[in-house]
Chemist: 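Just passing along the structure, written as structure tokens.
Residue numbers run from 1 in the order of the sequence given.
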Amino acid sequence: MKALLVAGLCGVLFALGLGLGGMTQPEKVMGFLDVAGRWDPSLAMVMIGAVGVHAVLLRLIRRRSAPVLAARFPAPSQARVDRPLIVGAVLFGVGWGLVGYCPGPAFTSLATGGRDVLLFVGSMLAGMALFSIWTRARGAVSTAPGSHSSARPQS
């Protein structure tokens with residue numbers, strides 16, 4: 001229960017950070033991505049701040065023998081770069097570049113009830129469902145939830 005409460009509070013903090021940083025405004029994201037035109041560097045400052053906080057906290061966390069709310073630190077299921085990771089990254093980047101939303105800010109923006117964000121999130125969820133159906137139909141084996149490589153064809 002404690003872990004669930006902390007996860008919920010982290011989600012709220014993340015949503016507030018996305019909103020305050022302007023990541024929920026597609027026009028701001030598009031301005032950041034328009035490096036050949038009217039580039040808006042403000043999101044770069046948000047990203048630098050996030051990376052800086054992560055770098056400091058990661059060093060502190062790695063000094064601990066165990067996490068606060070779990071028995072052990074999670075290990076990645078895979079460390080290599082493979083085709084599903086690359087395809088997913090390309091799709092993520094293209095989607096972000098075309099509409100100015102990525103999943104976190106899109107879910108946060110659902111609170112506005114805007115038609116564009118509803119269409120984006122609906123399309124994203126439909127794409128995820130279709131991918132799941134497609135991988136099951138191909139006889140793929142699923143890996144651990146949250147891993148970056150969720151589909152492995154059976155040999």
Chemist: Can you tell me how far apart CG (Asp40) and CD (Glu27) are? Round to the nearest 0.5 Å.
Modeler: 10.5 Å
Chemist: For a quick test of reading the model, state the closest non-hydrogen atom pair linking Ala3 to Leu69 and the distance between them.
Modeler: CA-CD1, 4.0 Å
Chemist: Which heavy atom of Leu43 sits nearest to which heavy atom of Gly22, and what is that distance?
Modeler: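 Scanning both residues, the minimum pair turns out to be CD2-C, 4.2 Å.
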Chemist: Do Leu16 and Leu18 sit in one hydrophobic cluster, given that two such residues count as connected whenever their side-chain heavy atoms are within less than 4.5 Å of each other, even indirectly?
Modeler: no
Chemist: Measure the spacing between CZ of Phe120 and CG of Leu110 and express it to the nearest 0.5 Å.
Modeler: 10.0 Å
Chemist: Same cluster or not: Phe107 versus Phe14, using hydrophobic residues (I, L, V, M, F, W, Y) connected whenever any side-chain heavy atoms lie under 4.5 Å apart?
Modeler: no
Chemist: Minimum heavy-atom separation for Leu98 and Met30, please, with both atom names.
Modeler: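 It is O-CE, 3.6 Å.
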Chemist: Using the rule that Ile, Leu, Val, Met, Phe, Trp and Tyr join whenever any side-chain heavy atoms are under 4.5 Å apart, tell me whether Leu85 and Val87 fall into a single cluster.
Modeler: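 No; Val87 is not reachable from Leu85 via cluster members.
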Chemist: Tell me the closest heavy-atom pair linking Ala66 and Ala71, and the distance in Å.
Modeler: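 Heavy-atom minimum between the residues: CB-O, 4.0 Å.
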Chemist: Just distance, no hydrogens or angles: give the donor-acceptor pairs under 3.5 Å from side chains in residues 121-131, sequence neighbours left out.
Modeler:
from: Ser123; atom 1: OG; to: Leu119; atom 2: O; distance (Å): 2.8

Chemist: In the single-linkage hydrophobic clustering (I, L, V, M, F, W, Y; side-chain heavy atoms under 4.5 Å), do Val68 and Phe73 co-cluster?
Modeler: no
Chemist: Starting at CG of Leu58, measure out to CZ of Arg63 and round the result to the nearest 0.5 Å.
Modeler: 11.0 Å
Chemist: Testing the basics here: between Val46 and Gly21, what is the closest heavy-atom pair and its distance to 0.1 Å?
Modeler: CG2-O, 3.6 Å
Chemist: With hydrophobic residues grouped by side-chain heavy-atom distances under 4.5 Å, do Val99 and Val90 end up in a single group?
Modeler: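 Result: yes, single cluster for both.
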Chemist: Begin with the C-alpha distance, continue with both residues' side-chain angles, and end with the deciding distance and a verdict on side-chain contact (heavy atoms from CB on, under 4.5 Å) for Tyr101 and Trp96.
Modeler: CA-CA 5 Å; Tyr101 280 122; Trp96 196 42; 5.5 Å; no
Chemist: Which atoms form the tightest heavy-atom contact between Thr24 and Pro105, and what is the distance?
Modeler: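 So the minimum-distance heavy-atom pair works out to CG2-O, 3.8 Å.
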Chemist: Measure the spacing between CG of Leu4 and CE of Met1 and express it to the nearest 0.5 Å.
Modeler: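 Reported value, rounded in 0.5 Å steps: 6.0 Å.
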Chemist: Going from CD1 on Ile86 to CG on Leu91, what distance comes out if it is rounded to the nearest 0.5 angstrom?
Modeler: 12.0 Å
